[in-house]
Undergrad: 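Please find one structure pasted underneath; my questions will follow.
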Amino acid sequence: MPAILPEKPDILKTLLKASLDSIIIVDEAGYIIEFSEAAEQLFGYNRADVLLRTLAETIIPPHLREAHHNGLAHYIETGEGPVLNRRVEVTAMHRSGAQFPIEITIIPTEMDGQRIFFAYLRDITERQAFERVIRRTSTRFEKLITSLQGGVLVEDETRHIVLVNQAFCNMFQIPVPARSLYASHSSTTAESSKHLFADPTGFIQRLDEILKSEEPVSEETLLLADGRVFSRDYVPVTHDVDHIGHLWHYRDITDSYRSQQRWRRMLRFEVVNKEINRMFLQFTGVDEALSRALAMTGGLLNVSRVYAFRFRENERILDNTHEWCAPGIAPEINNLQGLPFDEMLPSFFPLVAEQDYIAPHHITDLPEDLHGVLEAQDIETILWMPFYLNERIEGFIGYDEMRQPRDWLPEEITLARIIAENYARALERDLADRQLIQARDEAIRTAQLRAQFVANMSHEIRTPMTGIMGMLELLLETDTDAIQTEFAGEALKSSKRLLTIINDILDFSKLEAGQIVLESMPIDLRAITTEIRMTLMPQLKNKPVDILLNIAPGVPHRVHGDATRIRQVLMNLAGNAVKFTHKGNVTLAVHVTHTTDHTAHIGFDVTDTGIGISEENIQRIFDSFVQADGSTTRKYGGSGLGLSISRQLVELMGGTLSASIAPGIGSTYTFLLRLPIARAVSYLPNDHDRFADLTLLLID
Ligand code: ADP
């Protein structure tokens, strides 16, 4: 018989009515004696329907009924029940037969001497569904993180580990399964792993700094003591605006970091290579270029010392010629002069013959002689690159590493080779330059000596020549018969010709030896041309040739210049013109091309109607000792020096001498000089003005 619940107190009534949870009261036989409104809604029964029915008949699904029964019996017998006084999740059944999960708390109590049970029930269908979603999401998240290649650690706001993957443990060399770290404090992990980093204190400090700022960190590079490199990302985990945890992500980027470093290094090598090439080409001093190159590569290769050695006396003696030392490394250059190479390092040449350079990992890999010498200087390893001059080893560039053994990289060897080659080529160029300068100086000295000698000799010949000529002239003034007069006359003529040649040679030698010094004096150009005409007139006695002067209006009356040299050039040109003209005219023309207040550009033309000269000979005739053709000397005499001297004199005066010659019509020799106008300028009277009002009849 079910227990009859006595009259309910008010408070119970309110509870049964207002409680959001369903409340069912049953007696110890399992009969329902109270059924709250919420229970009516949850199970679809009216209170009246279920009262005095058992739980097993109503809300307990068939498969649980036996367990319920046993539980009840066990309780009655022992007073104990595993499901009492705590929340239990079970399956309940709706009136319609539909089953659903509920959370139930059963509290046994006594009322008026009867044992009854208060059951609080709550539908947890939704909650369970929600929990399932959460569980699935977090499982997925965990799976994702644990399967990541990088090490991931998620900690809560108190820094307790919430999630960590095996990759993290492996990277930080934590010898336990990842799961066993859950809930432990992550600072313990950090402390026990800090020794792995190149800067352990810095590692911890940086962690604290990041945690303090709670700013995301992306791809931060961490160097490990064993040479590995990690990259770190940090993401603060937030919920709404609160920080609820931290996510750390570490990746091992050793390979990519190294290749990036190498790539940067290669780039730097490339720049240094170019710079070294440029330096050796541009620097005038080879020594300076080498010193700079050594300093540049010393820094780049991060070695203790870089130096150059050079052999002398057929590779028997060795001198240290250049040296660069890293900070803190003592120079050795002064201790390494005049070394007896054969005795010290006999294995050098055989080694170089083998591989072209010497670059061991450690000096113990070298033959005894080299090893001994280097060990005495506390050197761990070396790179020695020989350089060659005229296919002989002239010396070598060396790199010392005093800290640890080292594997020399291909690009380091290439760089050493580039310096060695550049240095050798620069030495070659330097040598060639010096030889060239020496040869040039010698040639100049020889030419000067020769010119000096010729000048002296000509001078010595001229003195007796003038003596001979003076005597011949005196002889001709005495009573001589016709034959004697003819002979003495011929002798005098020959002497004069010889003197002209000697004078030419003297001038030529002086010009060659740079001994002609120009003078500056006021010159009257009209007087000079008139004088030349007068001098040459006697040579025209038997020829229908006239010498004409044409001084253009505007030619300054007086200019400053070397009268002797201008006269000499004009005389030379006019003399040639007279010599090579058999009929017609020789004209000496002077004109002005341009004047300023102080200077006049004056053109001189010597034109003739003589034999002219062929096109191909025009350039040659200005060379010394050259005549237009072989017959000239026979027919006209001369030394072939006149034009060469004239051109050099004109050039010395700042002008140029050129010829335009038409065979059969004649020749014109022209030169232009820039001469200062002498003060108290007066121009030659303008012929046109003078004759302006006159009528002239010219009969030739
Ligand atoms: P040279 O003392 O032999 O005249 P030059 O140097 O004065 O030496 O002249 C070189 C050569 O140039 C002459 O031998 C002659 O062949 C040629 N030459 C010079 N002036 C004239 C000219 N006005 N007409 C034709 N040929 C000339």
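Remember, predicted model here, so these are calculated numbers, not experimental data. For ligands, and for the atoms within them, numbers begin at 1 and follow the listed sequence.
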Undergrad: Is there a heavy atom of G610 sitting under 4.0 angstrom from any atom of ligand 1?
TA: no

Undergrad: If you measure every N or O of S667 against every N or O of ligand 1, does any of those distances drop under 3.5 Å?
TA: yes

Undergrad: Within a distance under 4.0 Å of any heavy atom of L641, pick out the atoms of ligand 1 and give their elements.
TA: 6 (O), 8 (O)

Undergrad: Counting only nitrogen or oxygen atoms and a 3.5 angstrom limit, does S644 reach ligand 1?
TA: no

Undergrad: Enumerate the residue pairs fulfilling side-chain hydrogen bond (donor to acceptor under 3.5 Å, both in side chains) with a member in residues 332-352, sequence neighbours excluded, ordered by first and then second residue.
TA: E332-N335, S347-D369

Undergrad: So, for F396 and F348, is the gap between ring centers shorter than 6.0 Å?
TA: yes

Undergrad: Does F309 have its ring centroid less than 6.0 Å away from the ring centroid of F387?
TA: no

Undergrad: What atoms of ligand 1 come closer than 4.0 angstrom to any heavy atom of A577?
TA: 23 (N)

Undergrad: Under the side-chain hydrogen bond (donor to acceptor under 3.5 Å, both in side chains) criterion, do N422 and N277 qualify, and how do the steps go?
TA: CA-CA 7 Å; N422 266 298; N277 283 331; 2.6 Å; yes

Undergrad: What pairs with F604 under ring-ring contact (aromatic ring centres under 6.0 Å, His included), at least two apart in sequence or on another chain?
TA: F671

Undergrad: Is there a donor-acceptor contact under 3.5 Å from the side chain of T529 to the main chain of R526?
TA: yes

Undergrad: Going by the order shown, which atoms of ligand 1 are within less than 4.0 Å of some heavy atom of L643?
TA: 5 (P), 6 (O), 7 (O), 9 (O), 12 (O), 19 (C)

Undergrad: Would you call Y669 a ligand 1 contact, heavy-atom distance under 4.0 Å?
TA: yes

Undergrad: With respect to I613, determine whether any N or O atom, backbone or side chain, lies less than 3.5 Å from an N or O atom of ligand 1.
TA: no

Undergrad: Flag the pair D430 and R425 as a salt bridge only when some basic side-chain nitrogen lies within less than 4.0 angstrom of an acidic carboxylate oxygen.
TA: no

Undergrad: Relative to ligand 1, is D608 under 4.0 angstrom through side chain, backbone, both or neither, heavy atoms considered?
TA: side chain

